[in-house]
Amino acid sequence: MIFPIVAFGDPVLKTPAKLLPADFPAAELELLIANMYETMYHAHGVGLAAPQVGKGIRLFVIDSAPMLDEDEDGNPIVDEPTAAPVKRAFINPQMLSETGEPWAFEEGCLSIPGIRERVMRCPVIRMRYEDEQRQVHEETFSGLTARVIQHEYDHLEGILFTDYTKGLRKQLLKGKLARISKGDVDADYRMRFAAPAGGRR
């Protein structure tokens, strides 16, 4: 099942997600994760967090393989940090550390189509998380895979990549973000928009 992706302006994207309880039904979790992967691939994404499909729980999925061969301009990556691709679901993740010299990369987001901004992130992270069988892991990730994880982890904290913009750039984005929140988007996947005040959408 392909979910509609929640667009900028919906409060679920700015609300910290809640822990997935230990008694969450295993079959329901398996189906949710499968549907999130299907939704992510349909929208040509490399990561998708549960809040982006309207579910305020600490869960995201990633498949960083499409990012590791080329940069945002389609050029082979030579100098930027890289690592082996990772396809994985992260349940109740915790960011234990972010280390290394921060580096810039142009990011986008399925919830904010048509906007890309350069974001500084550390190249190495250490995470604690549960897998699909609810087993706990601690693992280090680096390069573009680490960036994808950081981006999706931010979603669970109610943080969007556009929140990192400052000054004039931030002011210039306001109009574009307002249009997205009103449904003025050009996306080749189905989206869900917040209901306007006093009405439904």
Side-chain angles (χ1 to χ4, degrees), residues 1-6 10 12-69 77 80-100 102-103 105 107-112 119 121-161 189 192:
M1 172 182 167
I2 297 174
F3 295 119
I5 292 176
V6 173
D10 192 304
V12 71
L13 295 178
K14 299 298 292 180
T15 304
K18 296 180 179 179
L19 290 172
L20 191 74
D23 61 354
F24 194 89
E28 187 177 336
L29 177 60
E30 181 181 2
L31 180 60
L32 173 58
I33 290 172
N35 288 339
M36 286 180 63
Y37 273 123
E38 186 178 6
T39 301
M40 180 184 78
Y41 290 132
H42 176 74
H44 309 292
V46 294
L48 186 68
Q52 292 181 276
V53 293
K55 302 182 185 302
I57 54 175
R58 296 187 71 81
L59 163 67
F60 63 80
V61 300
I62 74 162
D63 184 351
S64 62
M67 288 190 68
L68 301 190
D69 298 327
I77 294 173
E80 302 292 12
T82 59
V86 171
K87 177 183 177 181
R88 198 162 304 164
F90 292 77
I91 300 166
N92 293 337
Q94 295 174 268
M95 185 72 70
L96 301 179
S97 66
E98 298 174 277
T99 57
W103 59 293
F105 191 84
E107 296 185 17
C109 181
L110 297 178
S111 292
I112 313 176
V119 178
R121 297 193 190 272
C122 293
V124 180
I125 63 172
R126 188 157 184 82
M127 300 285 294
R128 179 182 294 124
Y129 66 96
E130 299 170 29
D131 62 22
E132 296 180 44
Q133 287 71 47
R134 307 306 299 267
Q135 299 300 305
V136 178
H137 302 267
E138 277 194 22
E139 194 170 351
T140 298
F141 302 92
S142 62
L144 287 165
T145 292
R147 179 172 290 271
V148 176
I149 292 170
Q150 287 165 304
H151 180 110
E152 300 308 326
Y153 185 85
D154 275 353
H155 274 298
L156 306 187
E157 300 295 305
I159 298 169
L160 302 174
F161 81 101
Y189 47 87
R192 191 188 94 184

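When a residue number appears, it is its place in the shown sequence, counting from 1.
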Q.
Assess, by modelled atom type and distance only, whether the side chains of S97 and R126 contain a donor and an acceptor separated by less than 3.5 Å.
A. no
Sub-4.5 Å side-chain heavy-atom contact between I62 and K87 | no
Whether the E138 and Y129 side chains hold a donor-acceptor pair (N or O, under 3.5 Å, no angle test) is what I'd like checked.
no
task: For residues E152 and P93, determine if any side-chain heavy atom of one lies less than 4.5 Å from a side-chain heavy atom of the other.
output: no
CG (N92) and CG (L59) are apart, to the nearest 0.5 Å, by 8.5 Å
ask   = Looking at side-chain heavy atoms only, is the closest gap between L32 and I57 below 4.5 Å?
value = yes
Problem - Modelled atom types, side-chain donor and acceptor of Y37 and D63, under 3.5 Å - result: no
Taken to the nearest 0.5 Å, the spacing of I112 CD1 from Q52 CD works out to 8.5 Å
* Geometric cation-pi criterion R128 and F90, 6.0 Å radius, 45° cone -> no
Does the side chain of M127 come within less than 4.5 Å of L96's, by heavy atoms?
no
For Y189, the side chain to side chain contact (heavy atoms under 4.5 Å, CB included) test, sequence neighbours excluded, returns I5, H42, A43, L110, P113, A187, M191
Those residues at least two apart in sequence (or on a different chain) that pass salt bridge (Lys or Arg N to Asp or Glu O under 4.0 Å) with D10 are R192
Here the gap from I149 atom CD1 to F60 atom CZ, rounded to the nearest 0.5 Å, amounts to 5.5 Å
So, E130 and Q135: side-chain donor and acceptor under 3.5 Å apart, yes or no?
-> no
